[in-house]
Amino acid sequence: MDSMFLPLKVSATALEAQKVRMNVIASNLANASSTSTPEGGPYKRKDVVFQSHLFKQNSVGVDVTEISEDQTPPRLVFDPAHADADKDGYVKYPNVNVLTEMVNLMTATRAYEANLTMINSYKDMITRTLDILRV
Amino acid sequence: MADSITTLSNILDVAAFRQRLLSSNIANADTPGYKARDISFSEELSKVAGSASRAKAYEVFDTPTALPSRDGNTVNLDTEMAKMAETTLMYNSAVAMITMKFRMMKDIAKGGGA
């Protein structure tokens, strides 16, 4: 019985993982111009790390194991009037590329939809199987 | 009569198992290093065709890909979705046929009347 519903569980872990990814992307987009953070320095782009999660042989879900910080250097913009400008007049802007984030967001949305389709179609299969009892 | 029900339930077994593999593949479409896996629907069916036995062990293989992505992932989401649709249809039609079979048996048991 447990293995009958396992594909639903597998797809649910993927929905969860893609949602975390979308949250992270939303934070990146929201902070694309945050030049200061409580930790000091500009906002650093974040990314999720996916890892497969073995439920049982042949049923492999996915987990977010870590939200990592992108270590690429910040973007320097010359703007001496800015409050966060250094002594040479340069402001450190976050290493967020809005285009990259939008592409990642689209990928995450598509992956989310694919797993949702899987859940619906598998649920339909189980329902039809139970309907055999109604003959 | 009983034979065709065994055959149909074998189709259900194989389709349900394949669906399990495909759900794992779709779930791991973005997991670095994950290898997509699959079974051959027709081969698994022909193994048990004609016999009254049920399929037990399936021959799972890594899905061949022409172009693995740079992180080593071999899942092609579009292919997997197409396979999933195919497997769902296969499963649903077997269920429909089993249902019809049972309905016929019921009608016969009732003496053909409604």
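Just so it is clear, the structure is predicted and the values come from calculations on it, not from any experiment. Numbers restart at 1 for each chain; the letters A, B, ... are given by sequence-line order, proteins then strands.
Using modelled atom types, one finds a donor on one side chain and an acceptor on the other under 3.5 Å when comparing T129(A) with Y91(B). When only modelled atom types and interatomic distance are considered, S24(B) and S59(A) share no side-chain donor-acceptor pair under 3.5 Å.
Within 6.0 Å of the OH atom in Y90(A), the count of heavy atoms belonging to other residues, nucleotides or ligands does not exceed 12. Atom CD of E39(A) is surrounded by more than 12 heavy atoms from other residues, nucleotides or ligands within 6.0 Å. The local environment of CE in M22(A) is crowded, with over 12 non-hydrogen atoms from other residues, nucleotides or ligands closer than 6.0 Å. The environment of E101(A) atom CD is dense: over 12 non-hydrogen atoms of other residues, nucleotides or ligands sit within 6.0 angstrom. More than 12 heavy atoms of other residues, nucleotides or ligands sit less than 6.0 Å from atom CD of E69(A).
Taken together through direct or relayed side-chain contacts under 4.5 Å among Ile, Leu, Val, Met, Phe, Trp and Tyr, F17(B) and I119(A) form part of one hydrophobic cluster. There is a path of hydrophobic side-chain contacts, each under 4.5 Å, that joins M90(B) to L12(B). By the rule that hydrophobic residues join a cluster once side-chain heavy atoms approach within less than 4.5 Å of another member, I5(B) and M97(B) end up as members of one cluster. Connection of I11(B) to Y58(B) is established within a shared hydrophobic cluster, with ILVMFWY side chains joined at heavy-atom distances below 4.5 Å, either directly or through further cluster members. Each of V60(A) and M4(A) belongs to its own hydrophobic cluster when Ile, Leu, Val, Met, Phe, Trp and Tyr are linked at side-chain heavy-atom distances under 4.5 angstrom.
Distance alone, capped at 3.5 Å, places no donor-acceptor pair between the N58(A) side chain and the R20(B) backbone. T31(B) places no side-chain N or O within donor-acceptor distance of the main-chain N or O of Q51(A), the cut-off being under 3.5 Å.
Rounded to the nearest 0.5 angstrom, R103(B) CZ and I132(A) CD1 are separated by 11.0 Å. To the nearest 0.5 Å, the span separating CG on L6(A) from CD on Q19(B) amounts to 13.0 Å.
Chain B forms more heavy-atom pairs under 4.5 Å with one residue of L8(A), T117(A), T13(A) than with any other, namely T117(A). Of the listed residues (M125(A), R128(A), R134(A)), the one with the most heavy-atom contacts under 4.5 Å to chain B is M125(A). Considering only heavy-atom pairs separated by less than 4.5 Å from chain A, the leading option among V95(B), I26(B), I98(B), T99(B) is I26(B). Note: S52(A) leads A12(A), S52(A), A14(A) in heavy-atom pairs under 4.5 Å with chain B.
A heavy-atom distance below 4.5 Å is not found between the side chains of V135(A) and M100(B). Inter-residue side-chain proximity for T88(B) and Y122(A) is flagged as unmet; no heavy-atom pair is nearer than 4.5 Å.
Taking 4.5 Å as the heavy-atom cut-off, the residues of residues 68-87 of chain B that approach chain A are L77(B), M81(B), M84(B), ordered by number.
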Passes side chain to side chain contact (heavy atoms under 4.5 Å, CB included), F50(A) versus N28(B)? Steps please. CA-CA 8 Å; F50(A) 284 167; N28(B) 286 284; over 6 Å; no
Going through the checks in order, is the side chain to side chain donor-acceptor pair (under 3.5 Å) test met by S23(B) and S11(A)? CA-CA 6 Å; S23(B) 76; S11(A) 298; 4.8 Å; no
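Residues V62(A) and A27(B) come closest through the heavy atom pair CG1-O, 3.4 Å.
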